[in-house]
Amino acid sequence: MTIATARRPVLAGLALAMLGAGGALAREVRMGEATLYGMIGKIKARPGRRAELVALLATGTAGTAGMPGCLAYVVAEDMADDDGIWITEIWQSKQHHTDSLALPMVREAIAKGRPLIAGFETHVETRPVGGAGISG
């Protein structure tokens with residue numbers, strides 16, 4: 001696995017973790033044999049740097065299959081905020097997300113993304129319960 005295939009979900013995940021992920025809002029649900037865990041968060045790029053940060057986060061998003069336990073990872077530009085980026089993630093479990101943050105290649109990607117980030121506006125942890133791609 002290359003840094004390019006590993007950095008997207010983890011950079012966003014660390015950004016969300018820096019907002020306090022892992023606190024009392026943690027939600028997990030049993031669906032079949034999988035325990036699903038989700039996060040949705042807004043990252044604020046430095047003025048004029050959103051495209052660069054989006055490219056870092058979204059490069060090879062289809063390659064998230066290479067991240068153990070990552071079921072979905074979506075990067076979206078906020079249409080009402082020129083510097084806003086929304087990240088939506090679904091993991092097989094909270095532990096899968098946590099484990100991904102320890103990978104050396106992920107840590108390197110996080111270091112590359114930090115200079116592009118102005119801040120973190122909001123984040124929520126979710127309990128995926130259904131929808132396209134979610135089987136129960």
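Model, not experiment: these values are computed from the prediction.
With rounding to the nearest 0.5 angstrom, the CG atom of Asp83 is 12.5 Å from the CD1 atom of Ile43. Atom CD1 of Ile90 is separated from atom CE of Met39 by 11.0 Å, given to the nearest 0.5 angstrom. The distance from atom CD of Glu89 to atom OG of Ser100, rounded to the nearest 0.5 Å, is 7.5 Å. For the atom pair NZ (Lys94) and CG (Leu36), the distance works out to 14.5 Å, reported to the nearest 0.5 Å.
Looking only at side-chain heavy atoms (C-beta outward), Ile87 and Val74 stay at 4.5 Å or farther from each other.
In terms of heavy-atom proximity, Leu53 sits nearest to Ala45 at CD2-CB, 4.0 Å. Annotation for Pro128 and Gly38: closest pair CD-N, 3.6 Å, computed over non-hydrogen atoms. Minimum heavy-atom separation, Leu56 to Gly113: CD2-CA, 3.3 Å.
Between His97 and Tyr37, the ring-plane angle classifies as tilted under the 30° and 60° cut-offs.
With sequence neighbours excluded, the residues forming a side-chain contact (heavy atoms from CB on, under 4.5 Å) with Asp78 are Lys42, Arg50, Ala80, Asp81, Trp86, listed by chain and number. Among residues two or more places apart in sequence or in another chain, the side-chain contact (heavy atoms from CB on, under 4.5 Å) test is passed with Ala118 by Lys44, Arg46. By the side chain to side chain donor-acceptor pair (under 3.5 Å) test, Glu52 pairs with Arg49, sequence neighbours left out.
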